[in-house]
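Everything on this sheet refers to the single structure shown next.
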Amino acid sequence: MFSPNDYAHMAYALRLAEKGLYSTTPNPRVGCVIANNGKIVGSGWHERAGQAHAEIVALNEAGKAARDAIAYITLEPCSHYGRTPPCANALIEAGIAKAIIAMEDPNPLVSGRGCALLQQAGIAVQIGLLNEEAHALNTGFISRMVHKKPWVRLKVAASLDGKTALNNGISQWITEDAARRDGHRWRARSCAILTGIGTVRADNPQLTVRSVKTSRQPKKIVVDSHLDIPLNALLLQGEEVLVFTTHDVNEKKKQALEKLGIRIIILCDSEGKVDLKKMMTLLADSGMNEILVEAGCSLNGALVESGLVDEIIFYFAPHLIGNDAKGMLRLPELTDLQQKKALAIQDLRMIGKDIRVIAKLL
């Protein structure tokens, strides 16, 4: 169905799309390659919302050579007017003969309409080349469009016996520099970093990307039921900060935080805690695709128990800390092994001296 040339061009388009890993939010990461008689005449990738889409960049480079060419696109071209005109129309006007597309766009505004427009114009369309790779590049966008929630990754650094901090709260540093740099790459691709008030008080983290080059910083989100966050907390500096809290808050403290530009959002569940499910829905509605959780065992456990975590990134350091140290997740006691939460290992490798395990919740 697809030729070796097709695979090579789509693989290149995916590499181009990956250049937008840190910058395209809330848009998907998309790459496009235009080939005529087997030769690449144009290529491009979407860099930032509001800027030209990958197809437009590639068409501009190809010029007249786009006529009767094949367009290799990692995601179905858009068919609606958003911040930019529809890419499907531009491909039609350029006179391409064929479009090979890795996957359909899950956005209800597109979802098959882009392909239909191309076919109605007499352009041959094939879908599915390197579909899994294209899907992996946009897990957050797909989750937001299909499930109305961001893709939530939980990052944990622990000793081999599963401990994240000493009993006195000291946790810096369990892992080595290489693992921490790798963690910053996951920060950079995320729309926001989520933590809890316990971590803020114990570690006073900045929650910024520092070890990799990025053109933007992710937003910062704090779950803080009683609005205990110190006004001089490091994470309150810089980019937009959202604090989710409950009705049981000090009004003066709330006003002081709002004067600092902090957005306070009250979401209270029936137990008087922050409603985590509604929080994720609100974050999706605001355009967030991927959330990275860097929190303590209580919030980690609550998110997992609520079914809100999609993926866990474990960094295991070759150390033993002991039974009295703090664990990774606080979950209810199991009375039967059938109650255990199953994981599917996606990746396992050494990062410097530490072990990184990426696993999906089943």
Side-chain angles (χ1 to χ4, degrees), residues 11-33 43-58 73-75 78 82-84 102-103 105-107 130 133-145 149-155 157 177-195 205-221 234-235 237-242 283-284 286-294 310-313 315 346-347 349 351-352 356 358:
Y12 180 40
L14 285 164
R15 290 197 299 275
L16 289 172
E18 195 170 0
K19 290 186 176 184
L21 197 64
Y22 301 159
S23 61
T24 62
T25 182
N27 289 357
R29 297 139 184 160
V30 184
C32 177
V33 168
S43 62
W45 55 283
H46 179 52
E47 182 175 358
R48 195 176 298 276
Q51 295 185 7
H53 288 191
E55 299 93 322
I56 306 305
V57 177
I73 316 166
T74 61
L75 185 70
C78 60
R83 298 186 189 183
T84 58
M103 63 173 286
D105 191 334
N107 186 344
L130 298 183
E133 290 82 352
H135 193 287
L137 200 57
N138 284 304
T139 51
F141 180 76
I142 295 165
S143 178
R144 181 164 67 87
M145 290 296 152
K149 67 173 285 292
W151 182 265
V152 179
R153 291 187 181 91
L154 194 159
K155 181 174 78 69
D177 286 347
R180 296 200 295 275
R181 285 196 300 272
D182 189 69
H184 276 254
R185 283 191 280 272
W186 292 103
R187 281 185 180 184
R189 69 175 287 167
S190 302
C191 301
I193 304 170
L194 171 67
T195 194
Q206 297 179 62
L207 297 187
T208 55
V209 179
R210 300 184 298 279
S211 297
V212 298
K213 191 174 181 180
T214 179
S215 61
R216 66 161 184 93
Q217 288 288 338
K219 292 179 172 59
K220 291 173 277 191
I221 304 168
L234 290 176
L235 63 76
Q237 303 170 13
E239 299 293 318
E240 182 183 349
V241 181
L242 286 72
L283 294 176
S286 69
M288 293 194 187
N289 295 329
E290 299 179 21
I291 303 294
L292 182 68
V293 179
E294 298 191 25
D310 299 290
E311 189 172 62
I312 303 179
I313 304 171
Y315 294 96
Q346 304 297 303
D347 186 76
R349 68 180 68 188
I351 304 289
R356 189 188 74 184
I358 300 178

Checklist entry - How long is the gap from CD on Gln51 to OG on Ser23, to the nearest 0.5 Å? => result 8.0 Å
Checklist outcome for this item: Tightest non-hydrogen contact, residues Pro218 and Val209, listed as CD-CG2, 3.6 Å
Checklist entry - If you look at every heavy atom in Thr74 and Val30, which pair is closest and at what distance? => result OG1-CA, 3.4 Å
Checklist entry - Just by modelled atom types, is the Thr195 backbone N or O under 3.5 Å from a matching donor or acceptor in the Lys220 side chain? => result no
Item to check | salt bridge (charged side-chain N to carboxylate O under 4.0 Å, His left out) between Asp182 and Arg180, worked out | outcome: CA-CA 5 Å; Asp182 189 69; Arg180 296 200 295 275; over 6 Å; no
Next on the checklist: Checking Glu290 now: which residues fulfil side-chain hydrogen bond (donor to acceptor under 3.5 Å, both in side chains) with it, not counting sequence neighbours?
Outcome noted: Arg29, Arg153, Arg189
Item to check | Heavy-atom donor-acceptor pair, Ser143 side chain to Thr139 backbone, under 3.5 Å | outcome: no
Checklist entry - Between Ser43 and Tyr12, what is the shortest heavy-atom contact and its length? => result OG-OH, 3.8 Å
Checklist entry - Where the side chain of Thr208 meets the backbone of Arg210, is there a donor-acceptor pair that is under 3.5 Å apart? => result no
Next on the checklist: I'd like to know if the side chain of Asn138 reaches the main chain of Pro28, judged simply by a donor and an acceptor atom lying under 3.5 Å from each other, with no hydrogens or angles considered.
Outcome noted: no
Checklist entry - Looking only at atom types and distance, does a side-chain atom of Ser190 sit under 3.5 Å from a main-chain N or O of Ile193, one as donor and one as acceptor? => result no
Next on the checklist: For a quick test of reading the model, state the closest non-hydrogen atom pair linking Lys219 to Glu240 and the distance between them.
Outcome noted: CE-OE1, 3.0 Å
Next on the checklist: For Pro26 versus Phe141, what's the shortest heavy-atom pair and its separation?
Outcome noted: O-CD1, 3.7 Å
Checklist outcome for this item: What one should report as the nearest heavy-atom pair of Arg181 and Val212 is O-CG1, 4.4 Å
